[in-house]
Peer 1: 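I have a structure I would like to understand better, so I am pasting it below and will then ask my questions one at a time.
Numbering of residues begins at 1 and proceeds along the displayed sequence.
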Amino acid sequence: MGRKNWLFSTSPQGAEANSIFMTVIETAKANGLDVFKYLKTLLERLPQLPDFATSHQYQAYLPWNIDLDAD
């Protein structure tokens, strides 16, 4: 997955952010999810969690637990 994608990581922090983002994408693909729909759902729902959300609350958004059709 990396190769030429790493060329756009101009700093160690950028490389780390890039690797996290690609890991989320590849995990969604491995679980048979529509990547665009999954990312859209995460970006819409995660900010709605309380400031001190529990790990149990975050687990609902893992690719193998999430229901992308629920609103």
Side-chain angles (χ1 to χ4, degrees):
M1 178 69 190
R3 293 196 159 221
K4 292 185 180 181
N5 291 327
W6 307 125
L7 294 174
F8 300 104
S9 300
T10 58
S11 68
Q13 295 85 3
E16 183 178 359
N18 197 9
S19 66
I20 291 169
F21 191 65
M22 285 195 280
T23 300
V24 170
I25 290 172
E26 290 302 314
T27 305
K29 284 182 189 178
N31 283 278
L33 297 177
D34 176 358
V35 175
F36 177 79
K37 196 171 183 181
Y38 180 61
L39 291 174
K40 182 176 182 281
T41 301
L42 290 180
L43 292 173
E44 289 173 349
R45 295 184 191 172
L46 287 178
Q48 305 303 319
L49 289 176
D51 288 339
F52 297 103
T54 64
S55 62
H56 181 70
Q57 289 171 304
Y58 284 117
Q59 286 179 8
Y61 296 98
L62 294 174
W64 48 87
N65 291 336
I66 196 163
D67 180 14
L68 294 177
D69 297 324
D71 269 327

Peer 1: Look at the side chain of N65 and the backbone N and O of Q59, then say whether any donor-acceptor pair between them is shorter than 3.5 Å.
Peer 2: yes
Peer 1: Mark yes or no for whether N31, through its side chain, and T27, through its backbone, hold a donor-acceptor pair below 3.5 Å.
Peer 2: yes
Peer 1: What are the two closest non-hydrogen atoms of P47 and L42, and how far apart are they?
Peer 2: CD-O, 3.8 Å
Peer 1: Quick one: do L49 and Y58 satisfy side-chain contact (heavy atoms from CB on, under 4.5 Å)? Show the steps, please.
Peer 2: CA-CA 9 Å; L49 289 176; Y58 284 117; 3.5 Å; yes
Peer 1: Around atom CD of E16, are there more than 12 heavy atoms of other residues, nucleotides or ligands at under 6.0 Å?
Peer 2: no
Peer 1: Answer yes or no: is there a donor N or O on one side and an acceptor on the other, between the side chain of Q57 and the main chain of T54, under 3.5 Å?
Peer 2: yes
Peer 1: Side chains of L39 and I25, heavy atoms from C-beta outward: is any pair under 4.5 Å?
Peer 2: yes
Peer 1: Take K40 and L68 through the test side-chain contact (heavy atoms from CB on, under 4.5 Å) and record every step on the way to the result.
Peer 2: CA-CA 10 Å; K40 182 176 182 281; L68 294 177; over 6 Å; no
Peer 1: Nearest 0.5 Å please: distance from the CG atom of L46 over to the OH atom of Y61.
Peer 2: 6.0 Å
Peer 1: Hey, are D34 and K29 close enough for a salt bridge, meaning a charged N less than 4.0 Å from a carboxylate O?
Peer 2: no
Peer 1: What do the steps show when you test L62 against I66 for side-chain contact (heavy atoms from CB on, under 4.5 Å), and what is the final call?
Peer 2: CA-CA 6 Å; L62 294 174; I66 196 163; over 6 Å; no
